[in-house]
Number of protein chains: 2
Amino acid sequence: MHTIKDVAKKANVSIATVSRIVNNQSGYSEETKRKVLAAIKELNYQPNALARGLINKRTHTIGVLLPHFINAFGMELLHGIEEKAHEEGLSVIICSTDSFGAKTMKYLQVLNEKRVDGVIIIGPKLEEEYYDYVKRMAVPVVLLGTEKFDNRLPSVQVDNRAIAYSAVKHLIDKGHERIGMIAFHENGPSLRADGYRKALEDNDIIFNQERIVFSSGFAFEDGVHFFRKLMLQAPDITAAYIISDEMAVGAITAADRLGIKVPHDVSIISHDNLRVADMSIPKLTAVSLPLRRMGRTAAEKVFQMIQTGRPSESSIMQHEIVERDSVCMLAKAVRAKQPC
Amino acid sequence: MHTIKDVAKKANVSIATVSRIVNNQSGYSEETKRKVLAAIKELNYQPNALARGLINKRTHTIGVLLPHFINAFGMELLHGIEEKAHEEGLSVIICSTDSFGAKTMKYLQVLNEKRVDGVIIIGPKLEEEYYDYVKRMAVPVVLLGTEKFDNRLPSVQVDNRAIAYSAVKHLIDKGHERIGMIAFHENGPSLRADGYRKALEDNDIIFNQERIVFSSGFAFEDGVHFFRKLMLQAPDITAAYIISDEMAVGAITAADRLGIKVPHDVSIISHDNLRVADMSIPKLTAVSLPLRRMGRTAAEKVFQMIQTGRPSESSIMQHEIVERDSVCMLAKAVRAKQPC
DNA sequence: GCTTTTCACGTAAACGTTTACGACATATAG
DNA sequence: CTATATGTCGTAAACGTTTACGTGAAAAGC
């Protein structure tokens with residue numbers, strides 16, 4: 001591995017001149033530039049980013065913390081981040097904090113020691129401990145997720161209440177009234193459950209506790225389990241809003257076993273719109289989140305913050321409903337009993 | 001951000017002593033150790049990895065090149081890599097070489113400039129250009145993938161011929177004889193198509209060109225398209241080996257539209273055994289690849305190479321068949337015409 | 001009690017860059 | 001022709017560590 005000194009020697013100039021040429025600043029003749037460039041090519045010299053970083057205080061590297069690696073959801077975000085980051089000349093170090101806990105702190109320390117230029121934290125919420133740490137790190141941090149707001153730090157998120165509202169409104173527009181929901185079990189009040197409730201109220205449908213069920217996860221298995229539970233609790237529903245695609249697929253499987261046809265007996269609208277939404281039978285009508293774009297935006301924000309040194313605004317991304325085959329119209333006449 | 005000097009000053013010792021304590025070497029009294037540790041804690045000093053790397057020639061960072069980010073397949077591999085890497089104290093930089101091409105070269109350069117300790121390259125094959133470059137980088141490189149062998153570099157792979165053989169053998173064991181395949185269209189001879197053919201031959205079933213179809217991709221859409229094509233070319237098959245889960249799901253969708261029931265009319269065995277295999281209806285019987293473990297193994301190999309300085313052996317990972325619901329037994333009596 | 005070993009440190013060079021400063025030569029202005 | 005500006009370069013300090021080497025004191029050996 002050659003250093004700038006080797007190049008300088010070979011080109012018969014000082015290292016300062018080589019440096020100037022490499023960083024193309026001014027202060028040299030065309031003649032010497034040629035010589036130096038030739039030497040660089042011949043030795044195929046690559047500047048040492050460590051030495052550069054040491055003096056410039058820029059590593060052109062950001063860290064991404066994401067829980068539950070495997071999740072397709074996080075992957076889309078990560079993809080967006082990586083894409084944008086590399087466009088801006090940033091490398092990304094991934095830290096998968098699988099079992100949320102002590103590991104995260106370790107990762108933050110590593111990122112700090114490596115002097116990353118910024119950090120993106122994916123996840124529902126930010127523990128106080130982590131917040132304190134990143135604050136002391138004094139690098140740009142942006143939050144990327146779907147759940148709680150932490151307005152002490154810039155974030156890119158979606159409005160879960162509005163999303164749930166849209167989803168349920170869509171079902172209502174299709175003629176459904178007895179609408180179930182598989183929500184996520186949180187400590188505090190659930191934004192999505194809120195939106196669900198609000199949509200019902202705004203359309204003069206009375207809220208029925210039995211029609212909402214709280215899952216402990218977002219996976220396929222949770223879908224089959226909690227859909228069964230939902231149908232047990234509220235057998236008369238004609239539609240359901242399910243807060244992840246995987247769960248929705250699980251619900252379809254469960255429905256299949258229960259002899260319930262989707263969408264003929266019960267319509268399903270899901271959340272996220274990942275690849276799998278397009279692969280199930282029937283294809284899922286879903287609220288689509290611009291995950292890739294969210295990742296890009298997060299990367300853009302850290303980049304901006306790195307450049308300007310001042311905190312960025314938070315962004316709330318728009319969602320949209322993409323209609324496929326898991327929701328069907330319920331004619332007013334048949335609303336009573338029959339399937340559509 | 002405090003440096004070792006600040007700590008030294010605060011503890012009234014030299015920076016050398018601080019360094020020794022931080023790296024816990026010998027050469028100081030318990031007394032001074034206490035003092036220094038106290039100073040470190042008070043300033044919450046974190047050593048600068050750049051400066052360390054500069055002098056130690058170790059960055060404790062590896063790079064991972066992976067094409068087609070989005071793919072769940074690559075994600076499993078990446079997950080394994082990340083897991084093991086962090087266990088060994090290595091950070092991982094991801095480089096998604098989406099559009100295979102010029103981007104890869106850029107990434108390699110970046111990794112080189114950042115002086116990563118090792119590189120893992122995920123992908124079917126290694127272009128000559130990249131090979132030359134990584135050779136010049138003179139860092140441990142391991143190949144991770146499923147396709148071609150490149151025995152100039154250590155790799156972790158699976159034996160695709162054996163896998164195809166197993167898959168087809170499994171179908172034969174279940175009583176099938178007219179077996180189709182959706183293979184991947186490659187320039188050279190396909191290992192998987194080879195295994196398919198061999199399994200037939202070994203069981204005295206004549207190979208029929210019409211029963212094999214070559215896809216240009218591995219995605220859902222390819223599955224629906226090429227399954228349709230397959231059924232047009234060879235309407236009499238009772239089973240098919242399809243080389244990706246997503247394609248298999250696509251095939252089921254296509255079958256559904258064609259009025260073909262899986263597995264009653266045609267059985268399907270797929271490849272990879274990703275999460276989606278468990279989520280389709282019917283659940284897919286599949287050849288399971290230990291992707292996570294493959295990732296771990298790859299990371300382990302680079303780590304080993306970093307430590308010892310000598311190249312590692314290549315590994316071929318074992319596969320297994322996990323039986324679910326997409327393959328059914330064909331009784332000898334009914335082999336002629338009826339479904340099972 | 002004197003030499004030798006051991007221990008606890010400090011000094012300074014090195015890692016590979018960037019960059020402020022100064023030196024010298026040439027061009028420009030008066 | 002002198003004074004000044006401009007352009008091309010080199011020297012050396014700095015970034016934050018690690019580590020070889022040296023120093024002095026205390027401990028050990030005789």
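Throughout, a chain's letter reflects where its sequence line sits, starting with A, and its residues are numbered from 1.
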Measure the distance from CD1 on B:Ile55 to C1' on D:dT18 and round it to the nearest whole Å.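 Rounding to the nearest Å, CD1 of B:Ile55 and C1' of D:dT18 are 4 Å apart.
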Between D:dC15 (P) and A:Lys114 (NZ): distance, integer Å: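 Roughly 23 Å, once rounded to whole Å.
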5'-most contact on DNA chain D: A:Gly27 or B:Ile4, nearest heavy atom basis?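 Its nearest nucleotide lies further toward 5', so the answer is A:Gly27.
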On the nucleotide D:dC9, are OP1 or OP2 found under 4.0 Å from the side-chain N or O atoms that A:Thr32 carries?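 So the side chain of A:Thr32 is within the cut-off, an N or O lying under 4.0 Å from OP1 or OP2 of D:dC9.
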Spacing of B:His2 atom NE2 relative to D:dC15 atom C1', expressed in whole Å: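 Rounded to the whole Å, the gap is 17 Å.
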What are the two closest non-hydrogen atoms of B:Leu274 and B:Ala72, and how far apart are they?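 Heavy atoms only, the tightest pair is CD1-CB, 3.9 Å.
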Starting from C1' on C:dT18, measure out to CG on A:Asn24 and report it in whole angstrom.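 Nearest whole value for this atom pair: 15 Å.
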Over its full length, what angle do the end axes of the helix from C:dG1-D:dC30 to C:dG30-D:dC1 make, each axis taken from five pairs and the result rounded to 10 degrees?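 End axes: 40° apart.
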Residues that B:His60 engages under ring-ring contact (aromatic ring centres under 6.0 Å, His included), provided they are two or more places apart: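 If we apply the ring-ring contact (aromatic ring centres under 6.0 Å, His included) test to B:His60, skipping adjacent residues, there are no hits.
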Let's see if you get this right: which residues in residues 33-54 of chain A place a heavy atom under 4.0 Å from DNA chain D?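 The answer is A:Leu54.
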For residues 294-306 of chain B, which residue pairs qualify under salt bridge (Lys or Arg N to Asp or Glu O under 4.0 Å), counting only residues two or more places apart or in two chains?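 Listed once each, the pairs are B:Glu83-B:Arg296, B:Glu87-B:Arg296.
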Looking at B:Lys5, does any N or O in its side chain come under 4.0 Å of the phosphate oxygens OP1/OP2 on D:dT17?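 The answer is no; no side-chain N or O of B:Lys5 sits under 4.0 Å from OP1 or OP2.
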Do any side-chain atoms of residues 6-15 of chain A form donor-acceptor pairs under 3.5 angstrom with protein atoms, and if so which ones, sequence neighbours left out?
residue	atom	partner	partner atom	Å
A:Asp6	OD2	A:His2	ND1	3.4
A:Asp6	OD2	A:Thr3	N	2.8
A:Lys10	NZ	A:Glu42	OE2	3.3
A:Ser14	OG	A:Ala16	N	3.4
A:Ser14	OG	A:Thr17	N	3.4
A:Ser14	OG	A:Thr17	OG1	3.4

Protein and nucleotides 24-26 of chain C: nitrogen or oxygen contacts under 3.5 angstrom:
none

With sequence neighbours excluded, tell me which residues meet side chain to side chain donor-acceptor pair (under 3.5 Å) with B:Glu113.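 If we apply the side chain to side chain donor-acceptor pair (under 3.5 Å) test to B:Glu113, skipping adjacent residues, the hits are A:Gln46.
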Does B:Arg152 come within less than 4.0 Å of B:Glu128, counting only side-chain N to carboxylate O?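 Result for this pair is yes, salt bridge flagged.
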Between the main-chain N or O of A:Ile316 and the side-chain N or O of A:Gln157, is there a donor-acceptor pair closer than 3.5 Å?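 Side chain of A:Gln157 to backbone of A:Ile316: no pair is present.
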What nucleotide, of C:dT19, C:dG16, D:dT18, holds the atom closest to the side chain of A:Gln25?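 Output: C:dT19.
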With a 4.5 Å limit on heavy-atom distance, are the side chains of A:Met1 and A:Asn48 in contact?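 Contact flag for A:Met1/A:Asn48 side chains = no.
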Output the rounded distance in Å from CG (B:Asn56) to C1' (C:dG16).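 Rounded to the whole Å, the gap is 14 Å.
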Can you tell me if the side-chain N/O atoms of B:Asn23 get under 4.0 Å from OP1 or OP2 in D:dT18?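 Answer is yes, contact under 4.0 Å.
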What's the CD-P distance between A:Glu31 and D:dG7, to the nearest Å?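 Going from CD in A:Glu31 over to P in D:dG7 covers 19 Å.
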Within this structure, what is the CD-to-P distance between A:Glu30 and D:dG7, rounded to whole angstrom?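 For the pair A:Glu30 CD and D:dG7 P, the rounded distance is 14 Å.
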Check every strand shown and say whether A:Ser26 touches a base, only sugar-phosphate, or nothing at a heavy-atom separation below 4.0 Å.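 Counting heavy atoms under 4.0 Å across all strands, no contact is made by A:Ser26.
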D:dT18, OP1 or OP2 - any side-chain N/O from B:Lys57 closer than 4.0 Å?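 No, outside the criterion.
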Would you say that B:Val36 contacts B:Tyr28 through its side chain, given a criterion of any heavy-atom pair below 4.5 Å between the two side chains?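 They are not in side-chain contact.
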Does any pair with a residue in residues 22-35 of chain A pass salt bridge (Lys or Arg N to Asp or Glu O under 4.0 Å), and if so which ones, sequence neighbours excluded?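 Output for this query lists A:Glu31-A:Arg34.
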Do side-chain atoms of B:Ser314 reach the backbone of B:Ser155 as a donor and acceptor pair under 3.5 angstrom?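 Yes; judged by distance alone, with no hydrogens or angles, the pair exists.
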Quick one: salt bridge (Lys or Arg N to Asp or Glu O under 4.0 Å) pairs with a partner in residues 306-317 of chain B, sequence neighbours left out?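 Qualifying pairs: none.
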Scan residues 7-20 of chain B against DNA chain D and write down, sorted by residue number, each residue with any heavy atom closer than 4.0 Å; if none is found, say none.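 The answer is B:Ile15, B:Ala16, B:Ser19.
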Looking only at the side chain of A:Ser29 (C-beta and beyond, no hydrogens), which of the listed nucleotides D:dC9, D:dT17, D:dT18 gets closest?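 Of the options given, the side chain of A:Ser29 lies nearest D:dC9.
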Enumerate, atom names and distances included, each donor-acceptor pair closer than 3.5 Å involving a side-chain atom of residues 49-59 of chain A, sequence neighbours excluded.
residue	atom	partner	partner atom	Å
A:Arg52	NH2	A:Asn23	OD1	3.1
A:Asn56	ND2	A:Arg52	O	3.4
A:Arg58	NH2	A:Ile306	O	3.3
A:Thr59	OG1	A:Arg115	O	2.9
A:Thr59	OG1	A:Asp117	OD1	3.2

With heavy-atom distances below 4.5 Å as the criterion, would you say the side chains of B:Ile93 and B:Ile62 are in contact?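 Of all side-chain heavy-atom pairs linking B:Ile62 with B:Ile93, none is under 4.5 Å.
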Measure CZ/A:Arg58 against P/D:dC15 and give the value in whole Å, please.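 Computing the A:Arg58:CZ to D:dC15:P distance gives 18 Å.
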What residues form a salt bridge (Lys or Arg N to Asp or Glu O under 4.0 Å) with A:Glu129, not counting sequence neighbours?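 Salt bridge (Lys or Arg N to Asp or Glu O under 4.0 Å) list for A:Glu129, sorted by chain: empty.
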